[in-house]
Amino acid sequence: MQPESQIPTQATVKRRFAVSLAVFYSAVFAVSGTHLPFFPVWLKAIGIDASWIGLINALPAITRFTTLPQITAFAEKRQAIRTAMMVSVLATAIGFVTVGLQHQPLALFLIYALTCAMWTPTTPLTDAYALRGVARYGLDYGPLRLWGSAAFAAGSLACGYLVDIIAARDLIWVIVAWAVVAVAASLLLQPLDDVRRKTAETHAGKALLRDGGFWAVIASAALIQGSHVAYYTFSAINWQQHGISGLTIAGLWTLGVIAEIVVFALSPRFSLHPSTLIAIGGLSAVVRWIVTANEPPLALLAVVQLGHGLTFGMTIVGTMNLLVQRVPSHQIARGQGYYAACSGLLGAATSIASGAIYARIGDGLYYVMAAMAAAGAFLIWSARHRLIAHPQSEESGG
């Protein structure tokens, strides 16, 4: 019999869960932090032309609303979210190794498509695992998630430093290295209690999709987060055209990430209802994009960048807290999959449209983004009474 002193207490189990999840979040977002800015640089370095680069870079967004929901639903049905996370990062590491050995555009496209099909579910699965832990142990999502944001920034800065040291053709191996770290981190993930319920799994997804409150949450969040597309795609290009140096641009992006981390850290102290947090995020985005559209001086632009903590961070905190309230634990992965699909579809469409809009009106694109954010804020505010009055619970079974 195990001595009493060696039996894990609730506090010990809770701490192990939180630490292992924070490490995994860090590793997964470090992969994204190196991949997002520098994968296109690697593609160009190995001789892939611009048209193929555009097609290849569209694959993650496409898999978010095609294969991703199927994988998250399958993992949930099999009660295998943690296992799916481990398989996902392992397949991602193998995929990027295989990608790194290819130099032909068609082969790259096909292999990268398979890699993305396994990689893009990682974050929704991790969020689902995190939210189950939030419900199980009474944790707060924000302090767990902030480690991902910190690692994203650190990964980007580290890879940016390496760009000046190693050949651009070798950047893929930096991405592979972080993917291997993620595989190692996945081995530390703690199992959660079985939340299997005696419900008809075949009807679970349909019941969730008939919930108007759930749709209000994911659609409003997708609109507000989708309004960041112009910033992600064109901010560096636009600021360079206005004479802002590359180092200053990196500093502006870092300010946004720091603000995001602060919001995540402080989120346990928030007393407002999550729907109000999302509405604040949307209204803050309206102000942010209108100011950005008017070519503000650098000092004001720096202040506006700190608003990223509200427009991005506050929206995520509100969304995840609402999903914990609205979606029963046995359906949380499915809910994350639908949210990722909705965000991916809207994000892909916005990204495609924003290129044409930016070519015509330049900075005026930010007014379109402000309108998207306003629509998201209006939608969640309109649904707030339903979300406050009728939260889902484990007892209700959804």
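These numbers were taken from a predicted model, which means no experiment stands behind them.
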Under 6.0 Å between ring centres: does that hold for [X] and [Y]?
X: W253; Y: H308; answer: no
X: Y366; Y: Y358; answer: no
X: W381; Y: F378; answer: no
X: Y25; Y: Y129; answer: no

task = Apply the test side chain to side chain contact (heavy atoms under 4.5 Å, CB included) to residues V262 and L306: give CA-CA distance (whole Å), side-chain angles for both, the deciding distance (0.1 Å), then the verdict.
result = CA-CA 10 Å; V262 170; L306 291 174; over 6 Å; no
Once rounded to the nearest 0.5 Å, what's the spacing between atom [atom1] of [X] and atom [atom2] of [Y]?
X: T319; Y: I278; atom1: OG1; atom2: CD1; result: 3.5 Å
X: F24; Y: L144; atom1: CZ; atom2: CG; result: 13.5 Å
X: M314; Y: L277; atom1: CE; atom2: CG; result: 5.5 Å
X: I218; Y: Y339; atom1: CD1; atom2: OH; result: 9.0 Å
X: E76; Y: R132; atom1: CD; atom2: CZ; result: 6.0 Å
X: L21; Y: R82; atom1: CG; atom2: CZ; result: 12.0 Å

Heavy atoms of other groups near W215 CH2, more than 12 under 6.0 Å =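 Result for CH2/W215: open.
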query = Within a reach of under 6.0 Å around CD of Q241, are more than 12 heavy atoms found that belong to other residues, nucleotides or ligands?
reply =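 Above 12, so yes.
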Does the side chain of [Y] come within less than 4.5 Å of [X]'s, by heavy atoms?
X: W147; Y: F264; result: no
X: M118; Y: T63; result: no
X: T126; Y: Q336; result: no
X: M85; Y: L189; result: yes
X: V19; Y: L188; result: no
X: V327; Y: R334; result: no
X: V89; Y: T122; result: yes
X: S186; Y: L90; result: no

I'd like to know if the side chain of [X] and the backbone of [Y] have a donor-acceptor N/O pair within less than 3.5 Å.
X: S20; Y: F17; value: yes
X: T83; Y: A80; value: no
X: D211; Y: G213; value: yes

inquiry  = So which atom in A216 and which in I380 form the shortest heavy-atom distance, rounded to 0.1 Å?
reply    =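 Heavy atoms only, the tightest pair is O-CD1, 4.1 Å.
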query = Which heavy atom of I81 sits nearest a heavy atom of A333, and at what distance?
reply =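 Smallest interatomic distance, heavy atoms only, reads CD1-CB, 3.5 Å.
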key: Polar contact flag, side-chain donor to acceptor under 3.5 angstrom, T311-S284   =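 Checked: T311/S284 side chains show no N/O donor-acceptor pair below 3.5 Å.
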request  = Would you verify whether the NZ or CZ of R145 falls within 45 degrees of the ring axis of F29 while also being under 6.0 Å from that six-membered ring's centre?
outcome  =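 Yes, R145 and F29 form such a contact.
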query = Can R288 be said to sit on top of Y231's aromatic six-ring, NZ or CZ under 6.0 Å from centre and within 45° of the ring axis?
reply =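 Positive - R288 is close enough to the ring of Y231 and near enough to its axis.
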ILVMFWY network linking L125 to Y141, side-chain heavy atoms under 4.5 angstrom =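 L125 clusters together with Y141.
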key: Check against side chain to side chain contact (heavy atoms under 4.5 Å, CB included), E295 and D363   = CA-CA 8 Å; E295 302 179 21; D363 286 353; 3.2 Å; yes
task = With H35 as reference, evaluate W178, F152, W119 under the ring-ring contact (aromatic ring centres under 6.0 Å, His included) test and give the passing residue.
result =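 That would be W119.
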